[in-house]
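Shown next, in structure tokens, is the structure this report addresses.
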Amino acid sequence: MAPEIALRAADIRAWLREHLTGEFAPLIGAGGPGREHEQLDLRARWERVLGAAGWIGLGWPAPYGRGASIAEQVVFFEEYARAGGPGRLSHIGEYLLAPTLIAHGTDAQRDRFLPPIARAEELWCQGYSEPGAGSDLAGVRTRATLEDGRWRITGQKVWTSLAHVADWCFVLARTDPAATRKAGLSYLLVPMRQPGVTVRPIMQLTGTSEFNEVFFDGALADADLVVGAPGDGWRVATSTLSYERGVATLGQQLGFARELAAVVAAARANGSFDDPVVADRIADAWAGLQGLRHHALRALSATAPDPTGASVAKLLWAGWHQRLGELAMDVGGAASTVAEAAPYELTDAQRLFLFTRADTIYGGSDEIQRNIVADQILGRVQRGTR
Ligand SMILES: Cc1cc2nc3c(=O)[nH]c(=O)nc-3n(C[C@H](O)[C@H](O)[C@H](O)COP(=O)(O)OP(=O)(O)OC[C@H]3O[C@@H](n4cnc5c(N)ncnc54)[C@H](O)[C@@H]3O)c2cc1C
């Protein structure tokens, strides 16, 4: 079937206006980083509505998706964010696993897994980090052995976002015990709802839990649920990382713009806007946001993947967002440091400040991004290859 495309912003806006209403109206602005605990059941139902209308997997090639261009996907994300569409529960499947299966999976894997992701019927989580393997991902110690035609998996993952709602996890595990570091790893697709899997939520600074410890204690996955060849997991896993924060970044920036607008409104309301230092920081935040947008547009229009560009983008937005959280607290003054009254829900400014502490850690910490930039740009200059 030829992909039916040419998405128009007005049509997307009209669809969202018609559907993000009624029972789904309470979802406007819900979910997303720092608020993942909100309205889980209703958000899951909302995603199935999105999926049924063909809005999930927009950029995947036919027959799995609609083959939308980058520009069309950007239009969708911008309209979704502008409408206050809720944070997505199925984004790890849609933006991380699906492109990985499209690039490295078998036809059988694509046929089995892409349609339920597109319908938001199966949610995924990412099982990479371990207590001894975060930045140093090649230190993964979770083991998998082939026994009676199935992988048997034993080990522990940590910081696994949304594992408590996920049906499946893509797990980086060591399948060749004799190999070390990047060799001998495999990329396995593991069902979460089985006796050998235990999910234990981790309480965050925000008082809520959106990531978890995950224990695999002899968990099972069919032998054909390995993406790429056994032992080739490092290559597959790093390709997944390259899909993190693609077209969704422009929608993310509209969320940032809304947060900045709330800070400006608070500063105007309490008079701190008249403080030239605050005004200067607000102007700086506004200018920084324009820079983020132009950087993202340039990166998305590049014809070839640019790993350095992705690292620079991550460094820029994480630092910008963290500074915005600090500004939000400073604008609120002393009142920012206390919760109003029981049940001690955080204000948006407090949640922003606390959750953005994590921005410079997840998706590759600032230090690791700087290492990549140093190696890719300065290293190449030094080696005379640039
Ligand atoms: C909100 C959130 C969600 C997450 N979701 C997931 C998920 O869904 N799935 C998943 O697998 N993981 C997830 N993570 C884990 C995340 O990928 C790791 O926290 C991150 O890779 C850092 O690893 P670490 O925590 O082990 O810290 P470490 O690697 O131990 O780093 C500690 C400190 O040392 C620095 N450091 C480490 N190595 C170097 C080096 N070579 N050079 C310079 N400095 C260095 C780091 O920058 C950091 O400041 C999430 C984390 C957060 C905060």
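First listed ligand is number 1; within each ligand, the first listed atom is number 1.
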Shortest protein contact, atom 17 (O) of ligand 1 (heavy atom only): S129 OG, 3.4 Å
Ligand 1 atoms in contact with I368 (distance to a heavy atom under 4.0 Å): 38 (N), 39 (C), 40 (C), 41 (N)
Aromatic plane relationship, Y128 with F170 - under 30° parallel, 30 to 60° tilted, over 60° perpendicular: perpendicular
Structural part of N371 in contact with ligand 1, heavy atom criterion under 4.0 angstrom: side chain
Atom 10 (C) of ligand 1 within contact range, any protein heavy atom under 4.0 Å: yes
Residue part near ligand 1, for Y128, under 4.0 Å between non-hydrogen atoms: both
H104 backbone acceptor or donor facing Q109 side chain under 3.5 Å: no
Under 4.0 Å to a heavy atom of I361 - the qualifying atoms of ligand 1, by number: 19 (O), 20 (C)
Protein contact for atom 30 (O) of ligand 1 (heavy atom, distance under 4.0 Å): no
S135 N/O to ligand 1 N/O under 3.5 Å: yes
Under 3.5 Å: donor-acceptor pair, side chain of R174, backbone of A183: yes
Chi angles and distances behind the side chain to side chain contact (heavy atoms under 4.5 Å, CB included) call for T240, L97: CA-CA 7 Å; T240 301; L97 181 71; over 6 Å; no
Same apolar cluster: V312 and F256, side chain cutoff 4.5 Å: yes
Atom 33 (C) of ligand 1 protein-contacted (non-hydrogen atom, under 4.0 angstrom): no
Part of S161 within contact of ligand 1 (heavy atoms, under 4.0 Å): both
S365 neighbourhood, listing ligand 1 atoms whose heavy-atom distance to it stays under 4.0 Å: 46 (C), 47 (O)
Close N or O approach (E367, ligand 1; < 3.5 Å): yes
Cluster check V190, I117: I/L/V/M/F/W/Y, side chain < 4.5 angstrom: no
Validation row, ring centre Y95 to ring centre F77 under 6.0 Å: yes
Linked, directly or transitively: L96 and W234 (ILVMFWY side chains, under 4.5 Å): yes
Closest protein heavy atom (residue, atom, distance) for atom 24 (P) of ligand 1: G134 CA, 3.9 Å
N/O separation below 3.5 Å, Y362 to ligand 1: no
Ring geometry between W317 and Y362 (parallel below 30°, tilted from 30 to 60°, perpendicular above 60°): tilted
Mutual orientation of the aromatic rings belonging to W15 and W46 [parallel < 30°, tilted 30-60°, perpendicular > 60°]: tilted
Minimum-distance protein heavy atom relative to atom 25 (O) of ligand 1: W159 NE1, 3.6 Å
